[in-house]
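This report refers to the structure that appears directly beneath it.
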Amino acid sequence: MGIVFDEQQNVFMLQTKSTTYAIGIVEGYLGHIYYGRRVDSRDIKYLLRYEENPKTPKVNQREKNSFLDQFPMEYPEHGMGDYREAALCIRSLGGYRASESLYQSHWIQKGKKPLEGLPASFGTERECETLCITCFDPILHMEVELYYTVFEEADVITRHVQVQNKGKEAFYIEKILSASMDFDDRDFELLSLHGSWARERHIQRTSIGYGRQNMGSIKGESSHQEHPFLAVLTKGANQEFGEVYSMNFVYSGNFIAQVEKDQFDRIRMSMGIHPEGFCWKLEVGERFIAPEVVLVYSDKGLGKMTRTYHDFYRNHLIRSPYKDKKRPILINNWEATYFDFHEQKLLEIAKEAKEVGIEMLVMDDGWFGKRNADDSSLGDWFVNEDKIKGGLKQLVDQVNALGLQFGIWFEPEMVSPDSDLFREHEDWAIQIPKREITQSRAQYVLDLSRKEVVDYVYEAVAKILRSTNIAYVKWDMNRQLTTLGSVALPADRQGELYHRYMLGVYELQERILQEFPKLLLENCSGGGARFDPGMLYYSPQIWCSDDTDAIERLLIQEGTALIYPVSTIGAHVSVCPNHIVGRNTPFQTRGNVALCGTFGYELDITKLSREEKELIKQQVVNYHTYNELIREGDYYRLISYSDNKYYDSYMFVNKEKTNALLFDTQILARPNRKSRNLRLQGLEATKMYMIEGKQYSGAVLMNVGILLPEEQGDFMSRVIQIKGV
Ligand code: GLA
């Protein structure tokens, strides 16, 4: 059983296969007792220290403030005396900011209900169990429901929060985080992901000092720069050793992810919607649902954490019918032509692509309105017949006749100032009256908090999809939100816009998928600015970065694969010198790096040499041979290019441990070295494996390792098969 309530001790025990999460009730206060390696004893409530001075308010009313500021709160609220980071801040209609919600009741049920309007993980009644603890503030008549779902086998606990107004007047939610967790510092470190456009999700580790350290986004998207993920880990924890506590937010908009080390050397870790610019008016009877946080604890280093997330997202978050399938190998014309193309050019690309085994042509930006550069036509979703002569259907039919599927690019959330849509509906853009709307890439953002705007966008996209045989959509979002205002919202609801915008995006994607359930959707945001679990609920893959350079991609894909399954990582082979960094890398290396993703091409195939086209044919064979193992196998990181300047290696092992694949890149050649020793991971010690005609036991491969000859040249890479015998 995943969840037990011990009535004698007032303790909730949430048990997964190898972890325990324990909550205790003390005089109505919910305290976080423990999260970590599984324990079965329920006699652990002493960790709440409620008998230590200052003792609880009932015993020591005069020092209630000290109690509130020390007690390990399960869900801390603002205003009564806990000065650490609050998860909830309420402002009453009278303007007062405080709440104190005490335990009222709870229920435990098999399974998990969806979160209305939001992406969230799912599981059957056999796979998971949900606990809901209801707390109540009698002054505001506010009900706070804390939800915990325990996925026992998956070793994951998810949390989210709902607040309901049961009173007689409205109040304002000024801040609502989805999870908060207090524990004693054991000299932990912090791991987060940071980046920029074309440099997303690099791994950063820092020590944890006193005070607050946070990551976040107020850009209206999860962002290139910081990531809705946070891990607190024992100093020096590596892939195989050390304890890791992590949180990942199932949301694609503004977020905050924070650790705070307090005066008592305790850590508070929290995650949720960023409070900046957020304020939600909750009318009588209304409910606000805060998005979900996924908690993973690992006692075996980052590697185990990674594999737990991968399996969990593959089995309990991604819904697409494609999630367990090989994706069509696509060729995208963006880096091949940018805006300069017409239907004949696309057909030439398609013809040559077919010859080498590519399976889908994707027409990127520039096919609609009068868009020949990035400064017009977003919103005018009708085909530009000057470019696509004969219309879209004719082009798609011709591509299909060549034996390729067809995919198309949209940026549905946007509007260009120079567009028919904007000329007709200026008020549909997010804006503050009288103030200049800040442009970015010469575009504005549509106000998706408005139903009529969502309906318009939905119809515009659906109309194109209905008009012909489109198998794939790349859904882009190329700017962040600014000048936040909706002319349709009243003054005291403007603070709802960021979140209402996200709800609009989710509704749009949901409706598109309902009408086109077989569509392969790939999300994208100026590369990888919205690569998060929220988007994965709608699309089984996300374009990872506009940087297609194989060496840059090693770092970007490593950070991304720290949490997300490799099957979700949009990765393509492009030409050299690379368009972003100008680097030349071997074609083979570019192929090997893209294989550890969705795999495809982003180049003008008509300009490639015969040798390069032969290499594509080989890469296509590799894709078909290895994709199942890469897509479904367990990922083991061996050596990271972020820790050393020479090598980067990782491997995939199938669940049965009978088959594995090693990817090894030599970034820089090193003089006067013949070979290096590399130890593998994830194999069965007692099994025998074959590598390049030689037999080894799993124990030898993992402890003694293999010898890899040094290669001549920089940026060299190889793929080595490890076959069980
Ligand atoms: C974004 C995407 C690119 C491409 C362009 C088109 O930058 O990440 O892949 O689609 O938009 O404008």
Side-chain angles (χ1 to χ4, degrees), residues 189-196 198-207 231 233-242 244 300-307 544-545 547 549-563 566 569 571 578 580-581 583-586 588-590 592-597 635-653 660-683 691 701-720 722:
E189 284 182 314
L190 179 65
L191 185 152
S192 60
L193 301 173
H194 71 98
S196 180
R199 180 165 44 80
E200 296 87 341
R201 288 171 296 285
H202 281 216
I203 295 171
Q204 160 174 268
R205 285 172 80 148
T206 54
S207 55
L233 57 169
T234 39
K235 214 168 234 166
N238 60 18
Q239 288 296 318
E240 294 169 280
F241 305 105
V244 187
K300 295 196 180 67
L302 287 162
K304 182 177 171 192
M305 177 202 78
T306 291
R307 289 182 290 279
C544 183
S545 176
D547 197 334
D549 172 69
I551 302 306
E552 291 301 312
R553 274 291 183 126
L554 289 176
L555 296 171
I556 298 169
Q557 294 183 192
E558 177 187 1
T560 308
L562 183 73
I563 322 167
V566 172
I569 297 178
N578 179 268
I580 303 288
V581 290
R583 185 180 283 137
N584 288 303
T585 53
Q588 196 182 348
T589 296
R590 285 175 263 156
N592 290 346
V593 172
L595 270 183
C596 301
Y635 172 89
Y636 290 86
R637 165 63 52 181
L638 307 178
I639 306 278
S640 165
Y641 171 41
S642 58
D643 297 332
N644 82 100
K645 56 181 196 243
Y646 299 108
Y647 310 110
D648 190 83
S649 333
Y650 46 93
M651 57 189 285
F652 300 91
V653 184
L661 203 56
L662 167 68
F663 284 83
D664 184 68
T665 308
Q666 177 183 295
I667 321 289
L668 294 179
R670 303 176 80 181
N672 203 17
R673 279 176 181 257
K674 301 279 182 299
S675 68
R676 73 185 222 268
N677 174 224
L678 181 71
R679 293 199 285 178
L680 307 188
Q681 289 176 33
L683 303 170
I691 300 179
L701 291 175
M702 292 190 291
N703 298 313
V704 180
I706 52 174
L707 287 180
L708 287 177
E710 293 284 318
E711 304 215 39
Q712 282 279 315
D714 298 337
F715 316 129
M716 304 300 281
S717 85
R718 52 198 153 200
V719 183
I720 296 175
I722 302 152

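The main-chain N or O of Ile706 is found under 3.5 Å from a side-chain atom of Asn677 such that the two form a donor-acceptor pair. Under the 3.5 Å distance criterion, the side-chain polar atoms of Gln557 are matched with a main-chain donor or acceptor of Val593.
To the nearest 0.5 Å, atoms SG (Cys596) and OH (Tyr635) are separated by 8.0 Å. If you take OG on Ser207 and CD on Glu189, they are separated by 7.5 Å, rounding to the nearest 0.5 Å. Note that CD1 of Ile556 is 11.5 Å distant from CD1 of Ile551, once rounded to the nearest 0.5 Å. Here CZ of Phe715 is found 5.0 Å from CZ of Arg583. Values are rounded to the nearest 0.5 Å. Atom CD of Glu200 sits about 11.5 Å away from atom CG of Leu193, to the nearest 0.5 Å. To the nearest 0.5 Å, atom CG of residue Leu595 and atom CD of residue Gln588 are 10.5 Å apart.
For Val704, the side chain to side chain contact (heavy atoms under 4.5 Å, CB included) partners at least two apart in sequence or on another chain are Val700. Applying the side chain to side chain contact (heavy atoms under 4.5 Å, CB included) test to Ser649 and every residue at least two apart in sequence or in another chain returns Leu638, Ile639, Leu662, Asp664, Arg676, Leu678.
In the model, Thr665 has no side-chain atom that pairs as donor or acceptor with a side-chain atom of Asp648 under 3.5 Å. Counting only N and O atoms by type, the side chains of Tyr647 and Glu710 include a donor and acceptor under 3.5 Å apart.
Between His194 and His202, the angle of the ring planes goes over 60°, which puts this pair in the perpendicular group of the 30/60° scheme.
Cys544 places a side-chain heavy atom less than 4.5 Å from the side chain of Arg553. Residues Leu661 and Ile722 have side chains not in contact (no heavy-atom distance under 4.5 Å, counting atoms from C-beta outward).
Paired with Val244 under the rule side chain to side chain contact (heavy atoms under 4.5 Å, CB included), one option of Leu233, Thr234, Leu191 passes, and it is Leu233.
For the pair Arg199 and Asp549, the salt-bridge criterion is not met [side-chain N within less than 4.0 Å of a carboxylate O]. Taking 4.0 Å as the cut-off between side-chain N and carboxylate O, Arg637 and Glu558 count as a salt-bridged pair.
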May I have the list of side-chain donor-acceptor pairs in residues 666-673 shorter than 3.5 Å, sequence neighbours left out?
unit_1: Gln666; atom_1: OE1; unit_2: Glu711; atom_2: N; d: 2.9
unit_1: Gln666; atom_1: NE2; unit_2: Glu711; atom_2: O; d: 2.8
unit_1: Gln666; atom_1: NE2; unit_2: Gly713; atom_2: O; d: 3.2

**Message:** Please determine whether side-chain contact (heavy atoms from CB on, under 4.5 Å) holds for the pair Ile563 and Thr306, giving the CA-CA distance in whole Å, both sets of side-chain angles, and the decisive distance to 0.1 Å.
**Reply:** CA-CA 5 Å; Ile563 322 167; Thr306 291; over 6 Å; no
